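Note sheet for the following structure.
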Number of protein chains: 2
Amino acid sequence: MYPLTPDMLTSLLKTPLFSQLRHEDVAQILERARPVKIAADAYFFRQAAPARRLYILLDGQIKVTQLTPDGQQVVMRMINPLELFGCVAVLSGGEYPASAQATKDCQAICLDTDEIHRLMHIFPHLAINAFQMMVQRTHELQDRYRELATECVERRLAHTLLRLMKQNSHTEGDLIVLDTPLARQDLAEMIGSTLYTVSRILSQWESQNLIVTGREKISLVTPKQLKRIAEAQIFSADLKKAPI
Amino acid sequence: MYPLTPDMLTSLLKTPLFSQLRHEDVAQILERARPVKIAADAYFFRQAAPARRLYILLDGQIKVTQLTPDGQQVVMRMINPLELFGCVAVLSGGEYPASAQATKDCQAICLDTDEIHRLMHIFPHLAINAFQMMVQRTHELQDRYRELATECVERRLAHTLLRLMKQNSHTEGDLIVLDTPLARQDLAEMIGSTLYTVSRILSQWESQNLIVTGREKISLVTPKQLKRIAEAQIFSADLKKAPI
DNA sequence: CGGGAGTTTGAGCTATCTCAACGGGGGTGG
DNA sequence: CCACCCCCGTTGAGATAGCTCAAACTCCCG
């Protein structure tokens with residue numbers, strides 16, 4: 001594992017996946033991992049390919065998407081550094097249920113199915129941590145399912161921007177800039193809507209100074225207001241009527 | 001673990017959760033489990049309660065639901081015998097993100113958080129199996145998310161009935177009877193729709209002899225036709241126009 | 001034989017999708 | 001370095017699936 005910088009290593013040690021493991025154990029695990037580098041827009045793997053490798057993202061960002069039979073895309077999840085992806089690889093003989101596409105240049109390490117099983121036997125904590133991570137992820141996915149089932153597009157979009165902010169953003173002066181290349185189409189595919197509706201809502205928000213948008217770029221100005229929209233305490237239409 | 005009948009025990013041994021474990025190991029694990037009995041409509045646990053126990057359903061059926069802040073319900077999942085529920089309990093200190101309500105009289109066994117962790121250390125296979133089960137479940141949830149995001153109500157309903165058929169049904173003559181008490185409202189909460197729309201679609205299907213409905217009861221007549229609707233090769237409206 | 005829970009159905013409404021047309025900016029190739 | 005082109009975004013107008021609300025209907029059960 002030459003390509004691991006000391007920085008990455010210390011980061012990896014703090015990953016939930018490796019919590020409770022000793023440094024030398026993690027080192028031993030990482031010895032069995034292979035590095036993978038991929039340029040922006042390229043794929044780590046594609047839907048329906050045999051799932052043989054589990055990945056840990058070190059740097060960059062991944063978009064996990066599913067294609068419907070008739071060609072529509074749905075974005076299932078954004079993967080940020082130190083997160084696991086390609087977990088289906090632990091089920092021997094399966095296929096990836098989704099594609100993993102880099103939204104930026106990416107570095108990752110990967111482990112083969114057999115290797116994972118072997119390591120999980122040696123280090124039960126690895127399996128326990130992985131289990132816990134999946135429970136957490138299911139929990140998150142359930143929340144989004146509930147949103148999709150019960151909330152209107154505007155609220156879903158607000159939730160999504162806030163979520164992206166938490167996961168990956170930095171501040172520039174008063175602005176909170178999302179560190180994700182986000183076309184209207186991408187947002188639409190995340191919330192189960194269309195790029196037109198997303199565009200309209202974002203335009204409206206921008207005219208109310210809740211956000212600032214650019215080409216594939218979004219910055220939040222007043223996350224508090226967005227949160228109120230997300231929580232249904234207010235609608236952006238209401239802001240017009242009574243601009244306090 | 002007195003209440004375990006020999007039948008249940010042999011079933012438990014075949015559970016994915018216990019695969020690869022030796023009989024005596026499973027016995028040792030079950031020694032630490034406590035039996036729980038609950039009548040139809042009662043709750044195993046409620047959303048937001050501290051999550052301290054993980055359950056394995058032995059008999060009956062559970063409906064896992066989430067309540068939105070404004071009181072709408074969403075059915076996240078039906079749990080059938082030999083399935084795990086309350087998995088959040090493995091994350092120490094968390095709360096149940098959903099409620100688990102019995103749709104029939106239920107028997108289950110439960111394990112405390114500490115106990116699970118202890119056992120997973122002793123039997124790494126337990127953790128690995130649990131991990132795999134969660135991966136599988138995430139996979140299923142992703143499929144439903146994609147459906148909800150891209151498909152119309154009619155197709156989602158068709159998918160749901162077919163899924164319920166696979167999970168839990170028996171045949172009576174030509175009829176495939178779903179073994180789940182299903183009010184229109186329940187179905188609506190599963191697919192993110194309203195009881196009115198569900199009722200209309202079911203009525204239409206019934207008039208086309210695809211299904212037979214009763215009070216909280218549904219039977220399938222021609223699952224093939226339903227599958228065609230689910231796969232978008234056809235719409236029930238098309239059946240009217242050209243009844244071949 | 002009520003009573004109530006579950007279901008059906010109609011009618012109107014609206015959030016959101018669809019389709020179409022236009023606008024703009026940035027990067028790339030000449 | 002400039003111009004063109006392409007991708008991304010905006011906006012309007014019309015269509016519609018599905019929601020809401022209201023009212024009546026039908027079992028099942030005590």
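Within every chain, numbering begins at 1; the chains are lettered A, B, ... in the order of the sequence lines, protein sequences first and strands thereafter. Keep in mind that this is a model prediction, so the values were computed, not measured.
Taking a pair as Watson-Crick or G-U with both hydrogen-bonding distances under 3.5 Å, the stems of three or more pairs touching DNA chain C are C:1-30 with D:1-30.
In this structure, A:Glu151 has no salt bridge (charged side-chain N to carboxylate O under 4.0 Å, His left out) partners at least two apart in sequence or on a different chain. In terms of the side chain to side chain donor-acceptor pair (under 3.5 Å) criterion, residue partners of B:Thr138 (sequence neighbours excluded) are, by chain and number, A:Thr138. Not counting sequence neighbours, B:Ser11 has no partner by the side chain to side chain donor-acceptor pair (under 3.5 Å) test. Evaluation of the salt bridge (charged side-chain N to carboxylate O under 4.0 Å, His left out) rule for A:Asp59 yields no partner, not counting sequence neighbours. By the side chain to side chain contact (heavy atoms under 4.5 Å, CB included) test, B:Ala158 is found to be paired with B:Trp205, B:Leu226, B:Ile229, B:Ala230, residues two or more places apart in sequence or in another chain being considered.
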Would you be so kind as to tabulate the donor-acceptor pairs closer than 3.5 Å made by side chains of residues 43-51 of chain B, with sequence neighbours excluded?
from	atom 1	to	atom 2	distance (Å)
B:Gln47	OE1	B:Leu67	N	2.8
B:Gln47	NE2	B:Leu67	O	3.4

For a quick test of your reading: what N or O donor-acceptor pairs under 3.5 Å do the side chains of residues 193-201 of chain A make, sequence neighbours left out?
from	atom 1	to	atom 2	distance (Å)
A:Thr194	OG1	A:Thr197	N	3.3
A:Thr194	OG1	A:Thr197	OG1	3.1

N/O to N/O distances under 3.5 Å, protein versus nucleotides 3-5 of chain C:
from	atom 1	to	atom 2	distance (Å)
C:dA5	N3	B:Arg215	NH2	3.3

Listing time: all N or O pairs from protein to nucleotides 10-12 of chain C that are below 3.5 Å?
from	atom 1	to	atom 2	distance (Å)
C:dG10	N7	B:Arg200	NH1	2.9
C:dG10	O6	B:Arg200	NH2	3.0
C:dA11	N6	B:Arg200	NH2	3.4

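Along DNA chain D, the nucleotide closest to A:Glu206 and the one closest to B:Cys152 are compared, and the more 5′ of them pairs with A:Glu206. Residues A:Gly214 and B:Glu151 each lie close to DNA chain D; by heavy-atom proximity, the contact nearer the 5' end of the strand is made by A:Gly214.
Between B:Val135 and A:Met134, the closest heavy-atom pair is CA-CE, 3.8 Å.
In this structure, CD1 of A:Ile201 is placed 8 Å from P of C:dC17, rounded to the nearest angstrom. A straight line from NZ of A:Lys217 to P of C:dG25 spans 15 Å, rounded to a whole angstrom. When rounded to the nearest whole Å, the span between CZ of A:Arg155 and C1' of C:dT16 equals 15 Å.
Using a 4.0 Å cut-off, no side-chain N or O of B:Ser199 falls inside it from OP1 or OP2 of C:dT7. Between B:Ser203 and the phosphate of C:dT9, there is a side-chain N or O to OP1/OP2 separation shorter than 4.0 Å.
Atom NZ of A:Lys104 has more than 12 heavy atoms from other residues, nucleotides or ligands within 6.0 Å.
With salt bridges taken as basic N to acidic carboxylate O contacts below 4.0 Å, none links B:Glu95 and B:Arg52. Taking a cutoff of 4.0 Å between a charged side-chain nitrogen and a carboxylate oxygen, A:Arg77 and A:Glu83 qualify as a salt bridge.
For the residue pair B:Thr150/A:Gln72, the side-chain donor-acceptor check at 3.5 Å is not satisfied. In this structure, a donor-acceptor pair under 3.5 Å is present between the side chains of A:Thr213 and A:Glu206. Judged by distance alone, the side chains of B:Thr180 and B:Gln61 do bring a donor and an acceptor atom under 3.5 Å apart.
To the nearest 0.5 angstrom, B:Ile211 atom CD1 is 10.0 Å from B:Asn209 atom CG.
Residues from residues 181-195 of chain A with heavy atoms under 4.0 angstrom of DNA chain C, sorted by number: A:Gly192, A:Ser193, A:Thr194.
Tested against A:Ile218, the residues A:Ile176, A:Val212, A:Leu187 include a single side-chain contact (heavy atoms from CB on, under 4.5 Å) partner, A:Leu187.
When DNA chain D is scanned 5' to 3' for any atom under 4.0 Å from a heavy atom of chain A, the first and last hits are D:dC7 to D:dA13.
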